[in-house]
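Bear in mind the structure is a predicted one, so any value in this text is a computation, not a measurement.
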Amino acid sequence: MGNWKMNGLKAHLGEVETIGGIAADHREVDVGLCVPATLIAAAAQVRGGAFIGAQDCHANASGAHTGCLSGAMLAEAGASWTIVGHSERRQDQGESNSDVAAKALAAKAAGLNVILCVGESLDVRDAGDAEAVVSAQLLASLPDGAAADWLAIAYEPIWAIGTGRIPTMEAVDVMHRALRGALASRIGAEADGMRILYGGSMNGDNAAELMAIADVDGGLVGGASLTAGKFAPIIEAADGVVA
């Protein structure tokens, strides 16, 4: 899943179309782009084999919420997925775990699939509390009725986003196993089928190694998803892991 964040104008729809063509050639891999809300409708028209997602969803279905978008609005525009709880929204907009859970439920009610993000700061990582803190955040953000057919989890080492730094492969393995265990404690065997994506500076050089880790089921990709040239090697790496 690519997350374009606050990037992209209609002039960039050619990248969406090209990525959609690449996705069509790799049918064993689910490929999507979470584009700015202004591009959802247009991107949905040229998406090819990719799906189009949103980057956030309001917890209410309608109301006096200036500047916000409901799940129904996003679905009508052409989104089939949405991100909730991205670290940049938790930090910049002060979203709480309960806010994130409510948004996930609202998105599901509108027929959207959801990627729910969790992650730790560098201070938490350096303190040695990363697995416990992120697992607790996940359980506090997990919506009622969480199931693998509509919900995926994305682990974001916040300090690695956009920096080119990543945790060691061992650290990624340990974190993803901890999150799988936390899910199992809440939803039992359903946790086995829930996808847990890695979301910290994944690119064409490290994607294959990251996705070869047992509990890494894909990636939430930022800057490397903005162009087909950079996103294609990640899609190809995922296809290789599936094969």
For [X] and [Y], indicate whether the former's side chain and the latter's backbone hold a donor-acceptor pair under 3.5 Å.
{"X": "E131", "Y": "A178", "value": "no"}
{"X": "N60", "Y": "S62", "value": "no"}
{"X": "R47", "Y": "V16", "value": "no"}
{"X": "D25", "Y": "I22", "value": "no"}
{"X": "R27", "Y": "A24", "value": "yes"}

Output every pair passing side-chain hydrogen bond (donor to acceptor under 3.5 Å, both in side chains) with a member in [range], not counting sequence neighbours, ordered by first then second residue.
{"range": "residues 103-119", "answer": "D56-K103, E95-K103"}
{"range": "residues 151-162", "answer": "H86-E156, S87-E156, E120-Y155, E120-W159, R125-Y155"}
{"range": "residues 29-39", "answer": "D30-R195"}
{"range": "residues 212-232", "answer": "R180-D215, R180-D217"}

What are the two closest heavy atoms between [X] and [Y], and how far apart are they?
{"X": "I161", "Y": "G199", "value": "CG1-O, 3.8 Å"}
{"X": "P233", "Y": "A228", "value": "CD-O, 4.5 Å"}
{"X": "A75", "Y": "A110", "value": "CB-O, 3.9 Å"}
{"X": "C34", "Y": "M1", "value": "SG-SD, 3.3 Å"}
{"X": "A61", "Y": "S70", "value": "O-CB, 3.3 Å"}
{"X": "T82", "Y": "A107", "value": "CG2-CB, 3.7 Å"}

Tell me every residue that passes side-chain contact (heavy atoms from CB on, under 4.5 Å) with [X], counting only those two or more places apart in sequence or in another chain.
{"X": "D129", "value": "V124, A127, V133"}
{"X": "A106", "value": "none"}
{"X": "S98", "value": "S96"}
{"X": "A154", "value": "I115, C117, L197, L220"}

Beyond-backbone contact of [X] with [Y], side-chain heavy atoms, under 4.5 angstrom:
{"X": "L74", "Y": "I40", "value": "yes"}
{"X": "N3", "Y": "V221", "value": "no"}
{"X": "L122", "Y": "I158", "value": "no"}
{"X": "M211", "Y": "M202", "value": "yes"}
{"X": "E15", "Y": "W4", "value": "yes"}
{"X": "L39", "Y": "P36", "value": "yes"}
{"X": "W150", "Y": "L112", "value": "no"}

Contacts under 3.5 angstrom, residues 140-148 side chains, donor-acceptor by atom type, not counting sequence neighbours:
| residue | atom | partner | partner atom | Å |
| --- | --- | --- | --- | --- |
| S141 | OG | R90 | NH2 | 3.0 |
| S141 | OG | N97 | OD1 | 3.0 |
| S141 | OG | Q137 | O | 2.9 |

If the condition is side chain to side chain donor-acceptor pair (under 3.5 Å), which residues does H26 pass it with, not counting sequence neighbours?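 So H26 forms a side chain to side chain donor-acceptor pair (under 3.5 Å) with D239.
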
How many angstroms lie between [atom1] in [X] and [atom2] in [Y], if you round to the nearest 0.5 Å?
{"X": "M175", "Y": "I213", "atom1": "CE", "atom2": "CD1", "answer": "12.0 Å"}
{"X": "M73", "Y": "C57", "atom1": "CE", "atom2": "SG", "answer": "10.0 Å"}
{"X": "T18", "Y": "L13", "atom1": "OG1", "atom2": "CG", "answer": "10.5 Å"}
{"X": "L33", "Y": "Q55", "atom1": "CG", "atom2": "CD", "answer": "10.5 Å"}

For the hydrophobic clusters of this structure (ILVMFWY residues joined by side-chain heavy atoms under 4.5 Å, transitively), does one cluster hold both [X] and [Y]?
{"X": "L105", "Y": "W81", "value": "no"}
{"X": "L226", "Y": "V35", "value": "yes"}
{"X": "I187", "Y": "V84", "value": "yes"}
{"X": "I153", "Y": "L139", "value": "no"}

All N/O donor-acceptor pairs, side-chain side in residues 166-174, below 3.5 Å, sequence neighbours left out:
| residue | atom | partner | partner atom | Å |
| --- | --- | --- | --- | --- |
| T168 | OG1 | A171 | N | 3.0 |
| D173 | OD1 | R177 | NE | 3.3 |

_Within 6.0 angstrom of Q91 CD, more than 12 heavy atoms from elsewhere_ =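 It does: Q91 CD has more than 12 such atoms within range.
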
Handout entry: Derivation and outcome, side chain to side chain contact (heavy atoms under 4.5 Å, CB included), residues I83 and R89
Key = CA-CA 10 Å; I83 298 169; R89 292 201 60 85; over 6 Å; no

So the ring pair (Phe, Tyr, Trp, His ring centres under 6.0 Å) pairs with at least one residue in residues 192-225 (sequence neighbours excluded) are none

Determine, stepwise, if the pair V31 / F231 fulfils side chain to side chain contact (heavy atoms under 4.5 Å, CB included). CA-CA 10 Å; V31 178; F231 203 24; 4.1 Å; yes

- Task: Go through the steps for I196 and V216 under the test side chain to side chain contact (heavy atoms under 4.5 Å, CB included), then give the verdict.
- Result: CA-CA 6 Å; I196 305 176; V216 175; over 6 Å; no

